[in-house]
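Below you'll find the structure, written out as structure tokens, and then a few comments.
Keep in mind the model is a prediction, meaning the values are calculated, not measured. Below, chains carry the letters A, B, ... as their sequence lines are ordered, and counting in each starts from 1.
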Amino acid sequence: MIDAKLLRENPDVVRAALTKRGESTDLVDQVLAADGDRRSSIAAFESLRAEQKGLGKQVAQAKGDERTALLERTKTLSAEVKATEAAANEAEARFDELSRGLPNLVSDEAPVGGEKDFVVVEEIGKPRDFAAEGFEPRDHLELGELLGAIDMERGAKISGARFYFLKGVGALLQLGMLQLAIAQAVENGFTPMITPTLVKPEVMGGTGYLNAHDDVYRLEEPELYLVGTSEVPLAGYHMDEIIDVSNGPVRYAGWSSCYRREAGSHGKDTRGIIRVHQFDKVEMFSYCSLEDAEAEHQRLLGWEKEMLDKMELAYRVIDTATGDLGTSAYRKFDCEAWVPTQGAYRELTSTSNCTDYQARRLNIRHRDAEGRTRPVATLNGTLATTRWLVAILETHQQADGSVRVPAALRPYVGGRDVLEPVAR
RNA sequence: GGAGGCGUCGCCUAGUCCGGUCGAUGGCGCCCGCCUGCUAAGCGGGUUGAGGGUAAACCCCUCUCGCGAGUUCAAAUCUCGCCGCCUCCGCCA
């Protein structure tokens, strides 16, 4: 949610952000009008209410005729108070609903434009040259089937398209990767968390995901939503609280399954586990002061790179363009790993600085140096997900269909340094 | 699923039966000051959060006793619904 005071005093800042995101600025004027209504109706109610309270006090003291006379007046006043209060509540609710439709501001440093207007910040490692090595790389699904690691067919049989089983070394690799992620996070002061994956509407809405709710699974009774990332329960964790960030960021590492409908992506990435309805992820989540947020964002990015380095992958870091930020993000960096059979970089991690946008919606505050309450900043970033297996399998494959295991993962596959094809 | 109990400004707590000096009591903790070689103790004061009047300070006002609705001139207090926690029973793992 955008600060109402900022919107009132500097509506052009908000309009500029909307324009950079490629959205209409009409909503700004609607919200401003609603804000005016809200404040005037609150003032009307409050002055009547003050009068009513004053009279009520006199009634308590008065006796006889004087009392009857007072009661005559207070009766009509009572109805007016009720009516103006209802009007004020309504105006407040309308303002709230409209202003929740506004996305976050955007960083001046974020590149302006759409999905393809990202800026490459850094390239790390070199994509393997399979032509030079003299063999045609197999894609991750073919490798996964050879190794007995991925079973898409049976996933589809029991749950439909975009579902899968990870089995054998596939299951071990994923568990290893996630455990490695948790271990790294804990080393860096994160509190590990295994979160609920079903959340209430206000939590899903508070994180800004309900606007794009085509992608969210919804349960009818009771009304609950399956989370697409543990960012959602971790943001909701401190909802309606005043937390202490005076000693630096409060950091959580969430381990959860994630669910996405992928409603708008028919026909895209239909093969293998690149884009699936359910996957597992370890997500970093930080609460900190607004002043500390940009520095914390860089730290989260650093920890993502550290994990990717452990997987021995070639990847690049991109600064996401304003049109591709999502509702809550003020700035976003993605790490994209090279996927040999696609000849392309694909997103493996994403870290967002949501500034105080989610915190305003979820009512999460801290006390500043002067003891005043202020919304915190929230940030998130990926430490490992199922999709990483795609890049790991393809990057480390050998001509015979075996796959070399990155050193960091070997303890999790029984110490093996190579995974061999199995007979089906 | 059934029955009962509970929910007060960080924590504990008085108040709720019998509506109006509750515009909320006291303690603990915390903050400021005084006192004191230092510390502790003692003494005095402060200490829920939000919104509006204002751009801000001071100040003033309104809301806030789990949430919402109702009764009433007036609700922490009475009524109804909901949520959460606890205890017991049933059922399932």
B/A74, B/G52, B/A50: which one has an atom nearest the side-chain heavy atoms of A/S78?
-> B/A74
Distances for protein N/O vs nucleotides 62-70 of chain B N/O pairs under 3.5 angstrom?
{"residue": "B/C63", "atom": "OP1", "partner": "A/R49", "partner atom": "NE", "Å": "2.2"}
{"residue": "B/C63", "atom": "OP1", "partner": "A/R49", "partner atom": "NH2", "Å": "2.9"}
{"residue": "B/C63", "atom": "OP2", "partner": "A/K53", "partner atom": "NZ", "Å": "2.8"}

Say you pick atom C1' in B/A75 and the same atom in B/C22; how far apart are they, in whole Å?
-> 11 Å
Which value, in whole Å, describes the distance between the C1' atoms of nucleotides B/C6 and B/U13?
-> 15 Å
Does A/R372 put a side-chain nitrogen or oxygen below 4.0 Å from OP1 or OP2 of B/G49?
-> no
Which sits closer to the 5' end of RNA chain B, A/N363 or A/E9, going by the nucleotide each is nearest to?
-> A/N363
Considering residues at least two apart in sequence or located in another chain, which fulfil the ring pair (Phe, Tyr, Trp, His ring centres under 6.0 Å) criterion with A/F190?
-> A/W303
Which one is paired to B/A24, where only Watson-Crick or G-U wobble pairs with both distances under 3.5 angstrom count?
-> none
Distance, P atom - from B/C85 to B/C32, rounded to whole angstrom = 38 Å
Rounded to whole Å, CG of A/D37 lies from P of B/G51 at a distance of 19 Å
A/Y412 atom OH, neighbour heavy-atom count above 12 within 6.0 Å | yes
Quick one: look up who B/U72 pairs with, Watson-Crick or G-U, both distances under 3.5 Å, and put none if it's unpaired.
-> none
Does A/T395 reach the main-chain N or O of A/I392 with its side chain, forming a donor-acceptor pair under 3.5 Å?
-> no
Check the distance between B/C83's C1' and A/E223's CD and give it to me in whole angstrom.
-> 16 Å
Distance in angstrom units between A/K200 NZ and B/C82 P, rounded | 15 Å
Using the P atom as the reference point in each nucleotide, state the distance between B/C80 and B/C17 in Å, no decimals.
-> 14 Å
Take atom C1' in B/A24 and the same atom in B/C12, then report the distance between them in whole Å.
-> 16 Å
Does a side-chain N or O from A/R38 land closer than 4.0 Å to OP1 or OP2 of B/G51, or not?
-> no
Check: A/R21 side chain, A/G326 main-chain N or O, donor-acceptor pair, under 3.5 Å | yes
B/G27 and B/A14, which share atom name P, separated by this distance in whole Å | 15 Å
Atom CZ of A/F95 and atom P of B/G51: how far apart are they, to the nearest Å?
-> 11 Å
How far, in whole Å, is B/G29 from B/C11 if one measures between their C1' atoms?
-> 8 Å
What about the rings of A/Y330 and A/H297, do their centers lie closer together than 6.0 Å?
-> no
Does NZ or CZ of A/R38 come closer than 6.0 Å to the centre of the six-membered ring of A/F95, within 45° of the ring's axis?
-> yes
Could you give the CZ-to-P distance, from A/R360 to B/G49, as a whole number of Å?
-> 18 Å
Who pairs with B/C43 - Watson-Crick or G-U, where each distance is under 3.5 Å = B/G33
When we call it a touch if two heavy atoms are under 4.0 Å apart, what does A/K5 touch: a base, just sugar-phosphate, or nothing?
-> sugar-phosphate
Could you state the CG-P distance from A/L55 to B/A74, rounded to the nearest angstrom?
-> 11 Å
Pairing partner of B/C6, by Watson-Crick or G-U wobble and under 3.5 Å for both distances, is B/G84
Any salt bridge between A/R8 and A/D35, counting N to O under 4.0 Å?
-> yes
Inter-nucleotide P distance (B/U64, B/U77), Å rounded | 11 Å
Specify the separation, in whole Å, of atom CG of A/D96 and atom P of B/A50.
-> 16 Å
May I ask you to verify if any side-chain N or O of A/R8 is less than 4.0 angstrom from the OP1 or OP2 atom of B/G52?
-> yes
A/M1 side, atom CE; A/L7 side, atom CG - distance, nearest 0.5 Å = 11.5 Å
Examine B/A74: is either OP1 or OP2 under 4.0 Å from a nitrogen or oxygen in the side chain of A/Q52? Give yes or no.
-> yes
Round to a whole Å and report the spacing from CD1 of A/I242 to C1' of B/C11.
-> 15 Å
Paired with B/C59: which nucleotide, if any, by Watson-Crick or G-U wobble criteria at under 3.5 Å for both distances?
-> B/G53
Is a donor on one side and an acceptor on the other found under 3.5 Å between the side chain of A/D215 and the backbone of A/E262?
-> yes
